[in-house]
Amino acid sequence: MCGRFTIGEIKELITRFSIDAPIADMPRPRYNLAPTQDAPIVVRSSPNRLVMMRWGLVPFWAKDIKIGSRMINARAESVAQRPAFRVSLKERRCLVPTTGFYEWKAGDGKVPYLAKVKDEKLFAMAGLYDRWKDPSGKEVQSFTIITTAANQLMSTIHDRMPVILSREDEERWLAPGPLDEAERERMFRPYPSERMEAYPVSKRVNDISNDSAELVRPLERAQGAQWF
DNA sequence: CCAGACGTTGTT
DNA sequence: GTCTGG
DNA sequence: CCAGACGTTGTT
DNA sequence: GTCTGG
């Protein structure tokens, strides 16, 4: 699955994802971004726009924003059927730009591993978003990350991982209008194992500051952590 | 018909 | 809003 | 996802 | 054990 991630390389975000509209407030890097926090999200808006959204999709019909904390991921296998995601899958797809995501390896405690795409500082996870109005009428935009089966590398850590889109699929994913099932199945396949890397970064994820890149590097081999 | 859920993961 | 369960 | 709380009343 | 907040 995907329960936390990092977003650095903020300057490169704009060119990497062809952001067109001027950015009033450039996002700051986050190295330990958790559910309910705001993340920079790429949506299609002739061509692309960067919007800060809350992690955890709050469906437009929700009565309480709290429902979002249970909607941080959507299974690729069932997303088309789920009432909370169906409409967004057809009409409100987005990219979740990231420099790496965490997965926890069960065993001797739970060790957070940081997974990345080799040779790509920034990559995109497949996301859905929605707009919701709180009781005072204030609009909240929120998103979820689609998950799929783990590839060979990631399955040594956990059995699920986020859907990572190839560069070619990024524009297709953002294009308006529904995608047919064959197209979705192709895009939802686990990203190739050989193009990824993963390493443990800390004993406890909350020891990693959201604001500092300092701790987002591998633990030493001597600590007995597994390397790839 | 109304009422209540609407989600994923891991663990047992 | 829409589906499911009762 | 993890970390941390998990409760009510009355008084200041 | 389970919920809430981040």
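A, B, ... follow the sequence lines: proteins, then strands. Residue 1 opens every chain.
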### Task
Using a 4.0 Å heavy-atom cut-off across all strands, classify A:F85 as base, sugar-phosphate, or nothing.
sugar-phosphate
### Task
Tell me which nucleotide among E:dG6, D:dC1, B:dT9 gets nearest to the side chain of A:R160.
B:dT9
### Message
Using the ring centroid of each side chain, check whether A:W173 and A:F188 are separated by less than 6.0 Å.
### Response
yes
### Query
What's the CD1-P distance between A:I67 and E:dC3, to the nearest Å?
15 Å
#### Entry: Atom P, compared across B:dT11 and D:dA3: separation rounded to whole Å
14 Å
### Of the listed nucleotides E:dG6, D:dC2, C:dC3, the one nearest the side chain of A:R86
C:dC3
### Task
Looking at every strand, decide which applies to A:P59 at a 4.0 Å heavy-atom threshold: base, sugar-phosphate, or nothing.
nothing
### Task
Could you check if a side-chain atom of A:E120 sits within less than 4.5 angstrom of a side-chain atom of A:M196, using non-hydrogen atoms only?
no
### Rounded interatomic separation in angstrom, taking CD from A:Q81 and C1' from B:dA5
17 Å
### Task
Using a heavy-atom cut-off of under 4.0 Å over every strand shown, decide if A:I72 touches base, sugar-phosphate, or nothing.
base
### Query
Distance check: side-chain N/O of A:R82 vs OP1/OP2 of B:dA5, anything under 4.0 Å?
no
### Query
According to a strict under-4.0 Å criterion, is A:T147 in side-chain N/O contact with OP1 or OP2 of B:dG7?
no
### Spacing of A:F101 atom CZ relative to B:dT8 atom P, expressed in whole Å
18 Å
### Query
Rounded to whole angstrom units, what separation is found between the NZ atom of A:K105 and the P atom of D:dC1?
17 Å
### Query
Given atom CZ of A:F60 and atom C1' of C:dG1, what is their separation to the nearest angstrom?
4 Å
### Task
Using the C1' atoms only, state how far D:dG7 lies from E:dT2, rounded to an integer number of Å.
16 Å
### Query
E:dG6, B:dC6, C:dG1: which one has an atom nearest the side-chain heavy atoms of A:A34?
E:dG6
### Query
In the strands shown, is E:dG6 matched to any nucleotide by a Watson-Crick or G-U wobble pair with both distances under 3.5 Å, and which?
D:dC1
### Query
Just by distance, with hydrogens left out, do A:R4 and A:N206 show a side-chain donor and acceptor under 3.5 Å apart?
yes
### Task
Scan A:R4 against the nucleic acid and name what it touches under 4.0 Å (heavy atoms): base, sugar-phosphate only, or nothing.
base
### Query
Mind checking the P distance from B:dT8 to C:dT4? Whole angstroms is fine.
15 Å
### Pairwise C1' distance, B:dG4 and E:dG6 [rounded to whole Å]
28 Å
### Query
In whole Å, what is the span from the NZ atom of A:K63 to the P atom of C:dG1?
10 Å
### Query
Just how far, in rounded Å, is C1' of D:dC2 from CG of A:N210?
13 Å
#### Entry: Options C:dG1, E:dT4, D:dC1, nucleotide nearest the side-chain atoms of A:W61
C:dG1
### Message
From CZ of A:R54 over to C1' of E:dT4, roughly how many Å is that when rounded to an integer?
### Response
12 Å
### Task
Check every strand shown and say whether A:T144 touches a base, only sugar-phosphate, or nothing at a heavy-atom separation below 4.0 Å.
nothing
### Task
Could you check A:T36 against A:S69 for side chain to side chain donor-acceptor pair (under 3.5 Å), going step by step and ending with a plain yes or no?
CA-CA 7 Å; A:T36 71; A:S69 55; over 6 Å; no
### Task
Tell me whether the OP1 or OP2 atom of D:dC2 has a side-chain N or O from A:R204 closer than 4.0 Å.
no
### Message
Closest approach to the side chain of A:K66, judged atom by atom: which nucleotide of D:dC2, E:dT4, B:dC6 is it?
### Response
E:dT4
### Query
At under 4.0 Å, does any side-chain N or O of A:K110 touch on OP1 or OP2 of D:dC2?
yes
### Task
In sequence, state the C-alpha distance, the side-chain angles, and the governing distance for A:S136 and A:D134, and then conclude on side chain to side chain donor-acceptor pair (under 3.5 Å).
CA-CA 5 Å; A:S136 75; A:D134 77 11; 2.7 Å; yes
### Task
Name the closest nucleotide to the A:W104 side chain, picking from E:dG6, D:dC2, B:dC6.
D:dC2
### Task
Using only heavy-atom distances, determine whether the side chains of A:R75 and A:T147 contain a donor-acceptor pair under 3.5 Å.
no
### Nearest non-hydrogen partners of A:N151 and A:P192, listed with the distance
ND2-C, 3.8 Å
### Message
With a 4.0 Å cutoff (strictly under), does any side-chain N or O of A:R70 reach OP1 or OP2 of E:dC3?
### Response
no
### Task
Classify the nucleic acid contact of A:A74 as base, sugar-phosphate or nothing, counting any heavy atom under 4.0 Å across all strands shown.
sugar-phosphate
